[in-house]
Amino acid sequence: MTDEELKYPIGKFTVPMSYTGDEIRGWIHDIKTFPGKLRHAIIKLNDAQLDTPYRPGGWTIRQVVHHVADSHMNSLIRFKWGLTEETPTIKAYAEADWALLPDYRLPVESSLKIIDGTHQHLTALFESFNDEQWSRTFIHPENGATISLKRNLALYAWHGKHHLAHVVNTVKTF
């Protein structure tokens with residue numbers, strides 16, 4: 001695989017052309033089932049395997065799991081801001097720097113629990129949304145883009161699959 005294919009094993013995120021009810025239900029299903037799929041993919045890995053990078057110069061599987069917990073926690077907060085404030089500007093964070101912090105060396109179980117809980121909250125919110133709520137927006141400070149909550153749902157469904165592919169592809173090499 002090329003470095004680009006290793007980096008984006010399912011391709012880069014593409015903004016959907018439409019947001020049909022079936023598409024939204026599919027993305028919600030992806031969010032709901034992701035924690036179990038991730039846990040299943042890593043449950044039998046030892047520390048040496050968890051500390052294997054998914055590509056040369058890339059994060060280790062352990063860092064990927066901790067990153068997903070951090071990223072999806074941030075996403076939950078962004079959805080809540082979008083629901084409760086008028087077009088808020090969200091807070092960005094330095095994800096590459098977070099991956100170097102000491103907690104990214106912890107066993108992955110703590111982050112698997114965070115992912116489980118975060119995805120339960122996300123699913124409960126998503127299953128309650130009406131059309132107006134899906135159309136609510138927030139502003140991303142890094143590029144000034146106005147992002148709808150339905151677009152953010154599609155992004156985080158992709159994000160889970162993206163990092164799950166990193167893990168699954170790496171596990172196949174063991």
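Everything numeric in this text was worked out from a predicted model, so none of it was measured. Sequential numbering from 1 along the given sequence is applied to the chain's residues. All heavy atoms count here, side chains included; hydrogens, waters and symmetry mates do not.
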Check [X] against [Y] and note the closest heavy-atom contact, atom names and distance.
| X | Y | value |
| --- | --- | --- |
| H140 | A92 | CE1-CB, 4.2 Å |
| I114 | A69 | CG2-CB, 3.9 Å |
| E5 | T2 | OE1-N, 2.8 Å |
| G58 | P53 | O-CB, 3.5 Å |
| N143 | A145 | OD1-N, 2.9 Å |

Check salt bridge (Lys or Arg N to Asp or Glu O under 4.0 Å) between K44 and all other residues, then give those that pass, not counting sequence neighbours.
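Checked K44 against salt bridge (Lys or Arg N to Asp or Glu O under 4.0 Å); zero matches.
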
About how many Å separate [atom2] of [Y] and [atom1] of [X], when rounded to the nearest 0.5 Å?
| X | Y | atom1 | atom2 | result |
| --- | --- | --- | --- | --- |
| N169 | L6 | CG | CG | 8.0 Å |
| W59 | E95 | CH2 | CD | 4.5 Å |
| I61 | T52 | CD1 | OG1 | 6.0 Å |
| I28 | T33 | CD1 | OG1 | 11.5 Å |
| L38 | I43 | CG | CD1 | 10.0 Å |

Begin from the C-alpha positions of L112 and I42 and carry the test side-chain contact (heavy atoms from CB on, under 4.5 Å) through to its verdict.
CA-CA 10 Å; L112 291 173; I42 66 166; 3.8 Å; yes

Sequence neighbours excluded, which residues qualify as ring pair (Phe, Tyr, Trp, His ring centres under 6.0 Å) partners of H66?
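Result, ring pair (Phe, Tyr, Trp, His ring centres under 6.0 Å) vs H66: Y104.
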
Which residues satisfy the ring pair (Phe, Tyr, Trp, His ring centres under 6.0 Å) test with Y54, sequence neighbours excluded?
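Applying ring pair (Phe, Tyr, Trp, His ring centres under 6.0 Å) to Y54 gives H166.
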
Could you walk me through whether R55 and E4 pass salt bridge (Lys or Arg N to Asp or Glu O under 4.0 Å), step by step?
CA-CA 10 Å; R55 66 179 173 85; E4 188 73 7; over 6 Å; no

Is it the case that the side chain of T173 and the backbone of T170 share a donor-acceptor pair, with hydrogens and angles ignored and the cut-off at 3.5 Å?
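Yes; at least one donor-acceptor contact below 3.5 Å.
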
Do side-chain atoms of R78 reach the backbone of L149 as a donor and acceptor pair under 3.5 angstrom?
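The answer is no, because no donor-acceptor pair under 3.5 Å joins these two groups.
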
Hydrophobic cluster membership, [X] vs [Y], 4.5 Å side-chain cutoff:
| X | Y | answer |
| --- | --- | --- |
| I147 | W158 | yes |
| I24 | L83 | yes |
| F174 | V108 | yes |
| W134 | L122 | yes |
| I31 | F79 | yes |

Are the side chains of [Y] and [X] in contact, using a 4.5 Å heavy-atom criterion?
| X | Y | value |
| --- | --- | --- |
| H121 | T118 | no |
| R136 | S148 | no |
| Q49 | V171 | no |
| L125 | L76 | yes |
| E85 | F138 | no |
| N152 | S75 | yes |
| F13 | H162 | no |
| N74 | W98 | yes |

Exactly one of K37, K161, R25 should register a side-chain hydrogen bond (donor to acceptor under 3.5 Å, both in side chains) with D30. Which one does?
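In the set K37, K161, R25, the residue that makes a side-chain hydrogen bond (donor to acceptor under 3.5 Å, both in side chains) with D30 is K161.
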
List the steps and the verdict of side-chain contact (heavy atoms from CB on, under 4.5 Å) for R151 and V15.
CA-CA 7 Å; R151 179 188 182 281; V15 177; 3.4 Å; yes

Test side-chain contact (heavy atoms from CB on, under 4.5 Å) on R39 and D116 and set out the steps.
CA-CA 10 Å; R39 182 177 290 278; D116 284 339; 3.4 Å; yes

Walk me through it: do K150 and W27 pass the test side-chain contact (heavy atoms from CB on, under 4.5 Å)?
CA-CA 9 Å; K150 60 190 167 192; W27 295 322; 5.7 Å; no

Should we say atom CG of D131 is surrounded by more than 12 heavy atoms from elsewhere, each under 6.0 Å from it?
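No - once you tally the heavy atoms of other residues, nucleotides and ligands closer than 6.0 Å, there are 12 at most.
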
Does the distance from a Lys or Arg side-chain N to an Asp or Glu carboxylate O, for D51 and R105, drop under 4.0 Å?
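A salt bridge is absent here (no side-chain N lies under 4.0 Å from a carboxylate O).
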
Without hydrogens or angle criteria, can the side chains of E23 and S18 be said to hold a donor-acceptor pair below 3.5 Å?
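Looking only at side-chain atoms, S18 and E23 do form a donor-acceptor pair, the distance falling under 3.5 Å.
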
Over 60° means perpendicular and under 30° means parallel, so classify the ring planes of Y156 and H72, tilted if in between.
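Perpendicular: the ring planes of H72 and Y156 meet at over 60°.
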
Partner of F34 under ring pair (Phe, Tyr, Trp, His ring centres under 6.0 Å), chosen from H159, H29, H119, H40
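That would be H119.
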
